[in-house]
Each structure stands twice: as structure tokens, then as C-alpha cells.
Amino acid sequence: QVQLVESGGGLLQAGGSLTLSCAASGRTFSMSAMGWFRQAPGKEREFVSTITGSGASTSYAASVKGRFTTSRDNTKNTLLLRMNSLKPEDTAVYYCAARATDGLSWTANEYDYWGQGTQVTVSS
């Protein structure tokens, strides 16, 4: 079993930056690929980024590529999402997720564990 707890969300203006954190416990963290997803009001949950267990490989949604960076610190069992040049359309609840195995994944149903989410609101 894995427990995931996100933090770092908030309200900020367009063009600003924010870093989300996800603290993981309950499993060997470095063996699990991780991902970030988001869900805006009235919309389906969408993929944001994914990272392998070692952190050597990452992949991003086209909408955030070049603005968001995902990383992990396996010594601290922490996943990070650095978000720059934020836009109002980035407003959503952001979720971190863990797979029971390694390997990049862009699909929510391939993740086995989910955090409770943290709200990010970007005003224009």
C-alpha cells in the first residue's frame, strides 16, 4: 500500500510560479513510476507529467511542456512539480499518482495509488 499526500497548491496570478510536492510512504519509492494529473471543474482528469522510478526519464503533456518540470528525490520519497509561466487554464486540482511498477505512463488507469489532490488557481 502506498500513501500519497500533495501540498503546495494555492492562488496566484498568471505568469507566476509554483512548486507542488507529493510525499510518499508505504512502498519502496524508487521502484515506482510516478505521475501528475489534473482535473479542472467540469472536465475529465488529464495527464500532466510522468517520471520513471530513477528519475532518469520524464514526459509531459503538450500543454505544459517547457513550462512544467517534474522531478523526484528518492532519498526523501518526494515527487515535485515545478510550474512556471502559469496560465488561467492551468487552474485545476492537481493529483500525484504512483504505479505499482516502473515505466512511464500517460494513462490514469495505469496508476494504482492516488493522493487527495491540491488546488491550484491562476487568475488572469
Side-chain angles (χ1 to χ4, degrees):
Q1 191 72 6
V2 175
Q3 294 79 42
L4 303 173
V5 179
E6 302 96 335
S7 61
L11 171 64
L12 70 165
Q13 291 187 331
S17 298
L18 199 63
T19 298
L20 304 183
S21 297
C22 175
S25 62
R27 176 182 169 88
T28 304
F29 184 66
S30 61
M31 294 174 62
S32 297
M34 303 286 293
W36 287 99
F37 290 77
R38 66 186 183 186
Q39 188 166 18
K43 295 187 177 181
E44 293 187 353
R45 189 169 299 188
E46 66 172 359
F47 166 77
V48 174
S49 69
T50 179
I51 186 168
T52 54
S54 68
S57 296
T58 57
S59 181
Y60 299 89
S63 59
V64 306
K65 193 171 186 178
R67 299 189 298 122
F68 290 12
T69 302
T70 190
S71 61
R72 62 193 297 164
D73 184 344
N74 287 342
T75 67
K76 298 180 180 179
N77 283 10
T78 300
L79 176 71
L80 299 174
L81 183 67
R82 174 67 176 176
M83 304 184 293
N84 295 325
S85 303
L86 281 160
K87 306 174 181 179
E89 50 264 44
D90 294 318
T91 295
V93 177
Y94 284 72
Y95 298 90
C96 73
R99 301 190 70 196
T101 186
D102 205 352
L104 299 176
S105 174
W106 299 260
T107 307
N109 63 14
E110 293 185 350
Y111 288 81
D112 301 281
Y113 307 100
W114 292 82
Q116 82 290 347
T118 186
Q119 177 71 47
V120 174
T121 303
V122 184
S123 62
S124 57

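Residues satisfying the side-chain contact (heavy atoms from CB on, under 4.5 Å) test with Ser54, not counting sequence neighbours, are Thr52, Ala56. With sequence neighbours excluded, the residues that form a side-chain contact (heavy atoms from CB on, under 4.5 Å) with Gln3 are Gln1, Ser25. Judged as a side-chain contact (heavy atoms from CB on, under 4.5 Å), and not counting sequence neighbours, the contacts of Thr28 are Ser30, Met31. Remark: Tyr94 pairs with no residue by the ring pair (Phe, Tyr, Trp, His ring centres under 6.0 Å) rule, at least two apart or across chains. Under the side-chain hydrogen bond (donor to acceptor under 3.5 Å, both in side chains) criterion, Ser123 pairs with no residue, sequence neighbours left out. Not counting sequence neighbours, the partners of Ser105 by the side-chain hydrogen bond (donor to acceptor under 3.5 Å, both in side chains) test are Glu110. Contacts of Phe29 classified as ring pair (Phe, Tyr, Trp, His ring centres under 6.0 Å), with partners at least two apart in sequence or in another chain: none. Applying the side-chain hydrogen bond (donor to acceptor under 3.5 Å, both in side chains) criterion to Gln39, with sequence neighbours excluded, gives no partner residue.
Between the side chain of Glu6 and the backbone N or O of Thr118 there is no donor-acceptor pair closer than 3.5 Å. Thr70 places a side-chain N or O within 3.5 Å of a backbone atom of Leu80 that can act as its donor or acceptor partner. Judged purely by atom type and a 3.5 angstrom limit, Thr50 uses its side chain to pair as donor or acceptor with the backbone of Met34.
Residue Gly53 comes nearest to Asp102 through the heavy atom pair N-OD1, 2.7 Å, listed as atom of the first residue, atom of the second, then distance. The shortest non-hydrogen separation linking Asn77 to Asn74 is OD1-O, 3.3 Å. Residue Ser49 comes nearest to Leu81 through the heavy atom pair OG-CD1, 3.9 Å, listed as atom of the first residue, atom of the second, then distance. Minimum interatomic distance between Ala33 and Gly103 (heavy atoms only, all atoms of both residues): CB-O, 3.1 Å.
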Sequence neighbours left out, cut at 3.5 Å: what donor-acceptor pairs do the side chains of residues 15-23 make with other protein atoms?
{"unit_1": "Ser17", "atom_1": "OG", "unit_2": "Asn84", "atom_2": "OD1", "d": "2.9"}
{"unit_1": "Thr19", "atom_1": "OG1", "unit_2": "Arg82", "atom_2": "NH1", "d": "3.0"}

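In this structure the side chain of Thr91 reaches within 4.5 angstrom of the side chain of Gln119, judged on heavy atoms.
Applying the salt bridge (Lys or Arg N to Asp or Glu O under 4.0 Å) test to pairs two or more places apart or on separate chains, those with a residue in residues 51-77 are Arg67-Asp90. Each salt bridge (Lys or Arg N to Asp or Glu O under 4.0 Å) pair with one or both residues in residues 42-58, not counting sequence neighbours, appears once here: Arg38-Glu46.
Here the straight-line distance linking atom SG of Cys96 with atom CG of Leu79 works out to 6.0 Å at 0.5 Å rounding. For the atom pair OG (Ser124) and NZ (Lys87), the distance works out to 14.0 Å, reported to the nearest 0.5 Å.
Chaining together hydrophobic side chains whose heavy atoms lie under 4.5 Å apart places Leu104 alongside Phe37, Phe47, Val93, Tyr95, Trp106, Tyr111, Trp114.
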